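Input: a single structure, listed below in structure tokens.
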2 protein chains.
Amino acid sequence: MSERGSSDDYEETRPIRVRSSTAEWAAAILRRRVTQGGLLPGSRLVEDELAAELEVSRNTLREAFRLLGHERLLEHKLNRGVYVRVLSPADVADIYRVRRMIEGAAVRRPDKDPVSLAALRDAVADAETAAGKGHWLDVGTADLRYHQIIASLLGSRRVNAMMAQTLAELRLVFHAMDPRALHAPFLPRNRDLLALLESGRDAEAEHLLATYLDEAERLLLAACAAAVTPI
Amino acid sequence: MSERGSSDDYEETRPIRVRSSTAEWAAAILRRRVTQGGLLPGSRLVEDELAAELEVSRNTLREAFRLLGHERLLEHKLNRGVYVRVLSPADVADIYRVRRMIEGAAVRRPDKDPVSLAALRDAVADAETAAGKGHWLDVGTADLRYHQIIASLLGSRRVNAMMAQTLAELRLVFHAMDPRALHAPFLPRNRDLLALLESGRDAEAEHLLATYLDEAERLLLAACAAAVTPI
DNA sequence: TCTTATCAGATTGTTGAACAATCCTTATAT
DNA sequence: ATATAAGGATTGTTCAACAATCTGATAAGA
């Protein structure tokens with residue numbers, strides 16, 4: 001029934017559906033498959049097949065599609081079906097414009113929440129542990145968490161939501177890259193940035209973040225352009 | 001069939017549906033009703049009634065509900081129905097956190113697009129014309145357009161989308177206030193801000209914007225708190 | 001050969017009816 | 001007055017059907 005071996009297979013049964021609709025449950029499963037790479041960008045999602053596999057009706061599945069389409073993880077082409085979003089280089093550049101805006105504002109903000117700083121330390125530690133074991137996918141997860149926490153310094157539910165969506169979208173490109181080449185360069189910088197934040201050297205932190213984002217963008221743009229122009 | 005006299009009645013027939021699904025068409029109509037005040041916050045949207053009125057099936061209508069729920073214009077309570085969102089003071093405060101972040105970043109950005117500056121001039125002129133005629137709702141529309149253009153200075157599709165959604169949400173509170181009291185104070189400031197932007201005095205612009213947003217937030221928070229605590 | 005037209009198959013878009021699950025209100029009993 | 005139970009109303013979800021549209025292959029024409 002459900003494809004085994006894929007990393008999101010655990011708990012695909014319905015305990016999550018304690019207090020949410022079937023559509024949201026289906027959306028949650030698809031969201032995980034997309035972000036974790038079980039469904040690669042460009043894949044087509046056929047209504048009949050998926051509905052049968054998830055054991056929901058086509059109508060319910062279509063409600064889930066609408067949700068994920070709005071999150072920009074799926075692309076809905078009228079009369080042509082639903083596809084996992086394929087990011088263009090322009091999308092990557094745009095995502096980094098958003099990241100600069102959000103994370104820049106967060107780093108610049110004066111009094112940082114100590115709880116968030118502690119959470120940042122955890123994320124850095126987790127990333128380094130995972131790196132030590134060679135688990136580069138986990139490093140990526142910890143890295144995204146790190147930046148989500150950075151955004152949360154602004155203390156805004158809506159900004160948190162924007163950031164989460166933006167990072168989920170960005171993750172679509174990750175699967176086009178070697179995870180080690182992608183994450184290794186930023187491991188020490190996350191620690192450096194945290195140190196600057198903790199000691200209140202915000203101007204330096206802002207500068208480090210800027211160069212950080214510039215380089216990450218360059219890396220992903222390259223990978224993305226290569227994936228778009230394989231021939 | 002459709003309630004006559006409501007301000008969004010024109011063109012509710014289906015010319016818009018040139019290349020979009022029925023669900024999106026229904027969502028567009030509901031979105032307009034909500035943002036233009038035809039449907040007030042707290043109103044309940046009953047599936048059967050609305051489906052009959054819009055002449056779409058319940059399933060299609062539910063797809064539209066999902067879209068607008070994701071835009072935070074409607075609130076979906078499981079097994080209890082769909083309601084036009086009611087913003088709490090905390091929501092208003094959060095929206096203004098977002099506005100400060102986005103518009104602040106936009107104003108701070110060095111080289112402004114001349115086309116956008118021209119569009120800002122138009123918006124200011126439209127607002128002043130409407131104010132002269134006493135059309136305060138149109139003033140509000142022009143004002144929102146003004147700030148949407150401000151955001152567009154960042155040149156990011158995603159930021160534009162975030163801003164559009166945020167302003168649509170904010171508009172929910174507008175209906176709880178006298179439009180003149182809400183918009184009149186900001187008419188001259190929009191012009192002043194534009195002048196500062198055109199002459200490149202970005203620091204002053206940033207400061208003016210900050211005080212602008214602070215005062216607008218205060219006004220709306222008051223109205224919002226009064227609406228929440230009528231007894 | 002290259003283009004255009006046609007056609008069948010497959011998939012999506014949308015509907016209407018049906019029924020279960022849940023909520024809300026009212027009536028009843030304690 | 002409080003608690004419980006019944007009933008109606010609305011939502012949640014499914015199913016089957018058909019129309020609309022796309023896709024690809026085949027056939028006809030330049």
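Keep in mind that the numbers below use all heavy atoms, side chains included, and drop hydrogens, waters and symmetry copies. Chain A is the first sequence line, chain B the second, and so forth, proteins listed ahead of strands; every chain is numbered from 1. Quantities reported herein were computed from a predicted structural model and do not represent experimental measurements.
Residue B:Arg33 comes nearest to B:Leu54 through the heavy atom pair NH2-CD2, 4.0 Å, listed as atom of the first residue, atom of the second, then distance.
Among residues at least two apart or in separate chains, salt bridge (Lys or Arg N to Asp or Glu O under 4.0 Å) pairs with a member in residues 149-166 of chain B are A:Asp91-B:Arg158, A:Asp94-B:Arg158, A:Glu169-B:Arg158.
The ring pair (Phe, Tyr, Trp, His ring centres under 6.0 Å) check on A:His76 picks up nothing, with sequence neighbours excluded.
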Every protein N/O lying under 3.5 Å from an N/O of nucleotides 9-12 of chain C:
| from | atom 1 | to | atom 2 | distance (Å) |
| --- | --- | --- | --- | --- |
| C:dT11 | O3' | A:Arg44 | NH2 | 3.0 |
| C:dT12 | OP1 | A:Glu47 | N | 3.4 |
| C:dT12 | OP2 | A:Glu47 | N | 3.4 |

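Relative ring orientation between A:Phe174 and A:His183 is described as perpendicular, the plane-to-plane angle rising above 60° on a 0-90° scale split at 30° and 60°.
In this structure, A:Asn59 atom CG and D:dA17 atom P are separated by 15 Å, rounded to whole Å.
Distances shorter than 4.0 Å separate some side-chain N or O of A:Thr60 from OP1 or OP2 on D:dT14. OP1 or OP2 of D:dT13 lies within a sub-4.0 Å distance of a side-chain N or O belonging to A:Thr22.
Under 4.0 Å is where a charged nitrogen must lie from a carboxylate oxygen, and between A:Glu24 and B:Arg66 at least one such pair does.
Both A:Ala23 and A:Tyr83 sit near DNA chain D, but only A:Ala23 has its closest nucleotide nearer the 5' end.
No side-chain donor-acceptor contact under 3.5 Å links A:Thr60 and B:Arg62.
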